[in-house]
Amino acid sequence: MKKSLRKAVIAGNWKMNKNRAETKTLISELKPLVKNADCEVIVCVPFTDLETALDAVKGSKIKVGAQNCHFAPSGAFTGEVSADMLKELGVKYVIIGHSERRQYFGETDITVNKRLTAALAQGLKVILCVGELLEQRELGITGEICSMQTKIALTGVDAADLKNIIIAYEPVWAIGTGKTATAEQADEACGIIRSTVASLYGKKAANALTIQYGGSMNPKNAAELLSKENVDGGLIGGASLKAPDFSAIVAAASL
Ligand code: 13P
């Protein structure tokens, strides 16, 4: 982290976990534990929990995000939710391009770009996920993959909108597997993403961009990952479902 240059952000991605009662409980447990956080704290919850979460975080610095949104404002897109609908609820953040969306739901770099652009147009802040598959890492093309995903996702995005974007580097082989990228691997990939952004928007803009690491981040490995210059926070899956674990990661980012 380089807090003199950019904001540290710890975000929980609850994925398809927690009903409304559980959402209330987890947020009420988290509130006192993160009240002195010196970083931004976000929880990205299932669509059905958004309203409950928005109500539960009142009086705290915890922000609420969704995990996806569609690019059209409305229409015949069964099962989808638009950026306008999220905005109307009072949601401030949305994850776009998570690898589980890419792997299981046919999301492509092009639809990621469309969703990201639609979210920004509605004034939402976006957590854009990029990252390589294990085979791609083994082929030595991690940098190219992250750079390509970043470039396509940001196509048509104005420099002025960069402040509304966080990029999460999530190597797919590290997600939910217990295998964490080493701090050096995370720093290197986040650095490549930053250079890609610099080539598009200039060094100053790239230096101000928050880039998170995500993939089996937990209270044990968080401090080391966050000690790296290019790792400005975390996007946390499994460990975000338990208040003591998530708050320990928030504490590691608050040093
Ligand atoms: P895990 O922390 O469970 O590996 O999940 C990471 C992730 O996908 C966050 O978006």
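Whatever order the structure lists them in is the order used to number ligands and atoms, beginning at 1.
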Item to check | Residue that, paired with Cys129, satisfies side-chain contact (heavy atoms from CB on, under 4.5 Å) out of Glu100, His98, Gln212 | outcome: His98
Only pairs under 3.5 Å count here: list side-chain donor-acceptor contacts from residues 239-252, not counting sequence neighbours, and write none if there are none.
{"from": "Ser240", "atom 1": "OG", "to": "Ile236", "atom 2": "O", "distance (Å)": "3.2"}
{"from": "Ser240", "atom 1": "OG", "to": "Gly237", "atom 2": "O", "distance (Å)": "2.7"}
{"from": "Ser247", "atom 1": "OG", "to": "Ala243", "atom 2": "O", "distance (Å)": "2.7"}
{"from": "Ser247", "atom 1": "OG", "to": "Pro244", "atom 2": "O", "distance (Å)": "3.1"}

Next on the checklist: Taking salt bridge (Lys or Arg N to Asp or Glu O under 4.0 Å) as the cut-off, I'd like each qualifying pair that reaches into residues 16-25, sequence neighbours left out, listed once.
Outcome noted: none
Does ligand 1 have any N/O pairs with the protein under 3.5 Å, and how far apart?
{"from": "ligand 1", "atom 1": "2 (O)", "to": "Ser216", "atom 2": "N", "distance (Å)": "3.4"}
{"from": "ligand 1", "atom 1": "2 (O)", "to": "Gly237", "atom 2": "N", "distance (Å)": "2.9"}
{"from": "ligand 1", "atom 1": "3 (O)", "to": "Gly238", "atom 2": "N", "distance (Å)": "2.8"}
{"from": "ligand 1", "atom 1": "4 (O)", "to": "Gly176", "atom 2": "N", "distance (Å)": "2.6"}
{"from": "ligand 1", "atom 1": "4 (O)", "to": "Ser216", "atom 2": "N", "distance (Å)": "2.7"}
{"from": "ligand 1", "atom 1": "5 (O)", "to": "Lys15", "atom 2": "NZ", "distance (Å)": "3.2"}
{"from": "ligand 1", "atom 1": "8 (O)", "to": "Lys15", "atom 2": "NZ", "distance (Å)": "2.8"}
{"from": "ligand 1", "atom 1": "8 (O)", "to": "His98", "atom 2": "NE2", "distance (Å)": "2.8"}
{"from": "ligand 1", "atom 1": "8 (O)", "to": "Glu170", "atom 2": "OE1", "distance (Å)": "3.4"}
{"from": "ligand 1", "atom 1": "10 (O)", "to": "Asn13", "atom 2": "ND2", "distance (Å)": "3.0"}
{"from": "ligand 1", "atom 1": "10 (O)", "to": "His98", "atom 2": "NE2", "distance (Å)": "2.9"}
{"from": "ligand 1", "atom 1": "10 (O)", "to": "Glu170", "atom 2": "OE1", "distance (Å)": "3.2"}
{"from": "ligand 1", "atom 1": "10 (O)", "to": "Glu170", "atom 2": "OE2", "distance (Å)": "2.9"}

Item to check | Single hit among Arg115, Arg102, Arg101 for salt bridge (charged side-chain N to carboxylate O under 4.0 Å, His left out) with Asp109 | outcome: Arg102
Item to check | Glu188 side chain vs Gln185 backbone, donor-acceptor pair below 3.5 Å | outcome: no
Item to check | Gln122: partners by side-chain hydrogen bond (donor to acceptor under 3.5 Å, both in side chains), with sequence neighbours left out | outcome: Asp84
